[in-house]
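The sequence lines fix the lettering, A, B, ..., with proteins before strands; numbering per chain opens at 1.
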Amino acid sequence: MDPERYDPQQVEPKWTAAWEERALYRADENDTERARFYALDMFPYPSGDLHMGHLEAFAGGDVIARLKRMQGYNVLHPIGWDAFGLPAENAAISRGIHPKTWTRQNIDTQRATFQRLGISFDWSRTFNTCDPDYYRWTQWIFLRLYERGLAYRKASPVNWCPHDQTVLANEQVINGHCERCGHLVEKRELTQWFFRITEYAQALLDDMAELEDRWSDKVLTMQRNWIGRSVGAYVDFIISETGQTVRIFTTRPDTLYGATFFVLAPEHQLAEQLVAGTEHEAAFRRFRDTVDRETEVERLSTERDKTGVFLGAYAINPVNGERIPVWAADYVLLEYGTGAIMAVPAHDQRDFEFARNYGLPVRIVVQPEGEPPLDPGQMTEAMGHEGVMVNSGPYDGIPAGEAIRRVTADLAAQGRGEFAINYRLRDWLVSRQRYWGCPIPIIHCPSCGEVPVPDDALPVPLPDDVADFRPKGESPLATVSDWVNVACPRCGTPARRETDTMDTFVDSSWYFLRYTGLDPERPFDPDRVARWMPVHQYTGGIEHAILHLLYSRFFVKFLHDLGLVGFREPFRALLNQGMVVMHGAAMSKSRGNLVEPATIIDEHGADVARLTMLFAGPFEDDVDWADVSPEGMARWIHRVWRAVRGAADSGAGHGGASDPALVRHAHRATQAVSDDLERFRFNTAVAKLMTLSNDLADAVRSGRGSATEQRDTAERLVLMLAPLAPFVTEELWHALGHTESVHLAAWPGYDPELVRVERLTCVVQVDGKVRDRIEVTADAGEDDLRALALASPKVKAALADRPIARVITVPPKLVNLVTAR
RNA sequence: GCGAGCGUGGCGGAAUGGCAGACGCGCCGGGCUUAGGACCCGGUGGCCCUUGGCCGUGUGGGUUCAAGUCCCACCGCUCGCACCA
């Protein structure tokens, strides 16, 4: 036996260099034989070195890539960097160095850590989104969107982060706070660039059918909720005083007869008009001031009382001609629907609360079936469920569900409304008043207006020499006069460039296409894309459940409509790793609980770092680093090392007599581990490999199994461990006498005959309690089992002469004797 | 409030409705050592009258020959959305 200890610090760098030199993990563009497999990991932000979350994600993604490679696929496993963006910029500002310098440094650091970790990337097609060769094509896609009216500029109330001094997309506002810095977000009326993602709302919902079972329900549900489709009707009310038509959206047109007031969002222009010059103007102004001063969080809190003011006007209900008072109230949002609602307090909880606060009438128009009729005076909450129409003229007596259809149809026939679908999804606000991003390729000309930069003038470069990167509410690019001032591409008169940059999520919405080949002439080569995509397996954090994944899906649908890609969904299957925390809290420098992958590699080596993460629990669950033990993994690697070396030596004559049990274990483990890895059950795969290595170690120690059997078991162990721990397995593979890399070896198969169980323990129960265990052959039938069970002395004792009422047999695993009771 | 998910030893976690606790950590005992926080071997859910038996998967009910697993109610935790009409 080899007493020498396995030393990862010596072995790992050797193989990193060897793999690099041989370009072992390069995808083969010319191979037409092997099936292709695109294994993609979400590319990282270069803000410092890789963290533990990266370790888990990339370890998992690498197991998939390596497994597929061994299974004979032509694997594309690329990496790049999402290099633009606020975090990089903020860090650069606080350190007083250029964002580009800081970003490049971090990329170098992360690249080195990836290589130390032994992640099997194809380094020949790496890129950063801040390279002009990349963002040139981001701009190109922007212009395609612009041409089709899907990129546009408009003034609207937008989310503004006072700390980062920039606007944010709806998706980047978490509970009223900035996703990045955590500051309270304000609403500001600003002119900004948007992508018309709402155009694709229905397609984004419909195409999810393709993703069922291959994306988690959690992510699909989150996306569905985010898009927020609701079906209802537009209904036109008429303002009694002015004769203006005001359209509302409702999902409950059946309750139209129960509308007792009408509400406009405080910011609604009509509210302003209605009170102008009336006795209600002063009260309305005070109300608006209060609302404007409130933060989004305060205003949107459901805890807080709903407030509003009467506007002195009345709206005419189209179904019954009734005049109902028009109010402005803070619980109605300008951005959703039409910014105006009919209020039906009897059947809508929000309207109910508002009506109670202001003494407005409650009129029931749907009565629950089979229950005593509701009394408005006794109600403590709105009645939102099914029932039968009452107080509703011609609709009385019909079920509410049917009334929805009939009322809508009748209104449509009279031209006073129509069937409607509304989405919660808003257009994607993509402009940012910051420096470190992709410039928007538009020029503002005093005579031509907005003029797109011609394709042949791309890229619009991001200038390096900016005096001050600090945020001031306007992009720092505005201060670079020789960049800003250009001739209009259309008429040649002096014009100004757009100074806003694009949201980083624009950069990451198409990067996966560019990995198919760094095409100098185009964003990507459609033929290559057709060969590699859609991505077979995408791995990354659940935090991108909405943002990145929704935006990427939108981009691909758009590119599909342009005829550039032949599919509508970019990621065929999605795997989300859990978060890595420390004592239940997120790791961070300020908490002082930060553990970095580099530290673990220094201490125990990359294999141990990878295995520790993979064994910690199910891949999709959170990992608490405080609960895991790299030491245990280091011990196991060492045991594997000794056992495999021992088996290799037994070729020199140390093997013993043949042991069919060892052979069967090896084949059964091959089946089980293959199955586990295929289903991303890395933790149980490791457990089964541990059991196998323990058995092998015991066999080697006690001379069990022939030299060939020990060796075959050792080879299976090494092959199956290779995707998880690439370094020690490469070393052992060579120790076993192979000269080619284990990572190019074929994944082991198994003999079905050996996997099949021959003899096993059958459990004998009496009334469901285990009373004996008997050895049986796998082909034992019901009669055999019954006879063996009845012959057991232990069973006889347990039965104590009671008659057997029933015998349940599950051959060959179980017999249950049920006595009469 | 709405939606989704989860509750199993001291800990992380295993378990197609069919022997609960695989595998590992930790701990205990032993070996090897001048010594070890190295390495090796063994033990380790609780309780008992200790050959053997009883109890045990958040709580209470149910279905079943059989429930951690399926159904109902409740308690607790986590995540997502949150005045979306």
A:E631 near the nucleic acid: base, sugar-phosphate alone, or nothing, with a heavy-atom cut-off under 4.0 Å?
-> nothing

Euclidean distance, atom CG of residue A:D348 to atom P of B:C2 [Å, nearest integer] | 15 Å

Would you mind calling B:G7 syn or anti? Take O4'-C1'-N9-C4 for purines or O4'-C1'-N1-C2 for pyrimidines, and syn is within 90° of 0.
-> anti

How far, in whole Å, is B:U34 from B:C27 if one measures between their C1' atoms?
-> 27 Å

Close side-chain approach of A:R553 to A:L211, heavy-atom, < 4.5 Å = yes

Residue pair A:V686/A:R229 against RNA chain B: nearer the 5' end by closest nucleotide is A:V686

Examine distances only and state if a side-chain atom of A:R356 and a backbone atom of A:T380 form a donor-acceptor pair shorter than 3.5 Å.
-> no

Out of B:G18, B:A22, B:G3, whichever nucleotide has its closest atom nearest the side chain of A:T221 = B:G3

Which of these nucleotides, B:C65, B:A85, B:C25, is closest to any side-chain atom of A:V818?
-> B:C65

Could you pick out which residue, A:G768 or A:D622, lies toward the 5' side of RNA chain B when each is mapped onto its nearest nucleotide?
-> A:D622

For B:G76, what is the paired nucleotide under Watson-Crick or G-U wobble rules, both distances under 3.5 Å?
-> B:C6

Touch check for A:G337, heavy atoms < 4.0 angstrom, all strands: base, sugar-phosphate only, or nothing?
-> nothing

Taking OP1 and OP2 of B:C65, is either one under 4.0 Å from a side-chain nitrogen or oxygen of A:R806?
-> yes

Can you label the angle between the A:Y358 ring and the A:F354 ring as parallel, tilted or perpendicular, going by 30° and 60°?
-> tilted

Considering only the C1' atoms, how many Å lie between B:G26 and B:G45, rounded to the nearest integer?
-> 15 Å

Indicate yes or no: at least one non-hydrogen side-chain atom of A:M613 is less than 4.5 angstrom from one of A:W625.
-> yes

Considering just the side-chain nitrogens and oxygens of A:K688, establish if one lies under 4.0 Å of OP1 or OP2 belonging to B:G24.
-> no

Ignoring the backbone of A:W226, work out which of B:C83, B:G12, B:A82 is nearest its side chain.
-> B:A82

Write down the distance separating the C1' atoms in B:C23 and B:U8, rounded off to the nearest Å.
-> 15 Å

Which of these nucleotides, B:A85, B:A22, B:C25, is closest to any side-chain atom of A:A687?
-> B:A22

Counting side-chain heavy atoms from CB outward, which of B:A85, B:C65, B:C23 is closest to A:S230?
-> B:A85

Just call it for A:V763: base, sugar-phosphate, or nothing, with non-hydrogen atoms closer than 4.0 Å on any strand.
-> base

Is there a side-chain polar atom (N or O) of A:R224 under 4.0 Å from OP1 or OP2 of B:C2?
-> no

So which nucleotide from B:A14, B:G18, B:A82 ends up closest to the side chain of A:R424?
-> B:A82

Measure the distance from CG on A:D217 to C1' on B:C79 and round it to the nearest whole Å.
-> 14 Å

Considering only the C1' atoms, how many Å lie between B:G46 and B:G56, rounded to the nearest integer?
-> 7 Å

Would you indicate, yes or no, if B:A22 has its OP1 or OP2 atom less than 4.0 angstrom from a side-chain nitrogen or oxygen of A:T684?
-> no

Do A:N816 and B:C65 have a side chain to base donor-acceptor pair shorter than 3.5 Å?
-> yes

Below 4.5 Å, heavy atoms only, C-beta onward: do A:V263 and A:Y331 meet side chain to side chain?
-> yes

Spacing of the C1' atoms in B:C28 and B:G76 (rounded, Å) | 34 Å

Do A:Y423 and A:Q202 have a side chain donor and acceptor closer than 3.5 Å?
-> yes

If you check every side-chain atom of A:F615, which of B:C39, B:G24, B:A85 has the closest atom?
-> B:G24

What is the distance from CZ of A:R635 to P of B:G24, rounded to the nearest Å?
-> 10 Å

Could you tell me the separation between the CD atom of A:E775 and the P atom of B:C19, rounded to a whole number of Å?
-> 16 Å

Among B:U16, B:C65, B:A82, find the nucleotide with the atom closest to the side chain of A:K813.
-> B:U16

Scan A:N422 against the nucleic acid and name what it touches under 4.0 Å (heavy atoms): base, sugar-phosphate only, or nothing.
-> nothing

Just compare B:A85, B:C40, B:G18 and give me whichever is closest to any side-chain atom of A:L333.
-> B:A85

Counterpart base for B:C23, defined by Watson-Crick or G-U wobble contacts under 3.5 Å = B:G12

From CH2 of A:W636 across to P of B:G12 the rounded distance in Å is 22 Å

Whole angstrom value for the distance that separates C1' of B:A82 from OH of A:Y336 = 14 Å

Determine the contact category for A:R771: base if any of its heavy atoms lies under 4.0 Å from a base atom, sugar-phosphate if only primed atoms, P, OP1 or OP2 are that close, otherwise nothing.
-> sugar-phosphate

Could you give the distance separating B:G5 and B:G9 at their P atoms, to the nearest angstrom?
-> 23 Å

Sticking with atom P, work out how far B:C11 lies from B:G62, rounded to a whole angstrom.
-> 30 Å

Of the nucleotides B:C83, B:C23, B:C65, which one has an atom closest to the side chain of A:T691?
-> B:C23

Roughly, in whole Å, what's the span from CD1 in A:I546 to P in B:A4?
-> 16 Å

Sub-4.5 Å side-chain heavy-atom contact between A:D351 and A:I341 | yes

Looking for any heavy atom pair under 4.0 Å, which part of the strands does A:R773 touch: base, sugar-phosphate only, or nothing?
-> base

Answer with base, sugar-phosphate or nothing: what part of the nucleic acid does A:N683 contact at a heavy-atom distance below 4.0 Å?
-> sugar-phosphate

From CG of A:D676 across to P of B:G13 the rounded distance in Å is 17 Å

Are OP1 or OP2 of B:C41 and a side-chain N or O of A:R701 less than 4.0 angstrom apart?
-> yes

Could you tell me whether the side chain of A:S230 reaches within less than 4.5 Å of the side chain of A:Y336, counting heavy atoms only?
-> yes

With both distances kept under 3.5 Å, what pairs with B:A38, Watson-Crick or G-U wobble?
-> none

Say you draw a straight line from CE of A:M383 to CD of A:Q349; how long is it, rounded to the nearest 0.5 Å?
-> 13.0 Å

For B:C83, which nucleotide is its Watson-Crick or G-U wobble mate, given both distances must be under 3.5 Å?
-> none

Look at the side-chain N and O atoms of A:N694 and state whether any lies under 4.0 Å from the OP1 or OP2 oxygen of B:G24.
-> yes

Provide the distance between the two C1' atoms, one in B:U57 and one in B:G7, to the nearest whole Å.
-> 9 Å

If B:G52 has a Watson-Crick or G-U wobble mate with both distances under 3.5 Å, name it; if not, just say none.
-> B:C48

Base, sugar-phosphate, or nothing: which does A:R639 touch, judged by heavy atoms less than 4.0 Å apart?
-> sugar-phosphate

Can you find a pair of side-chain heavy atoms, one from A:L790 and one from A:I804, that are under 4.5 Å apart?
-> yes

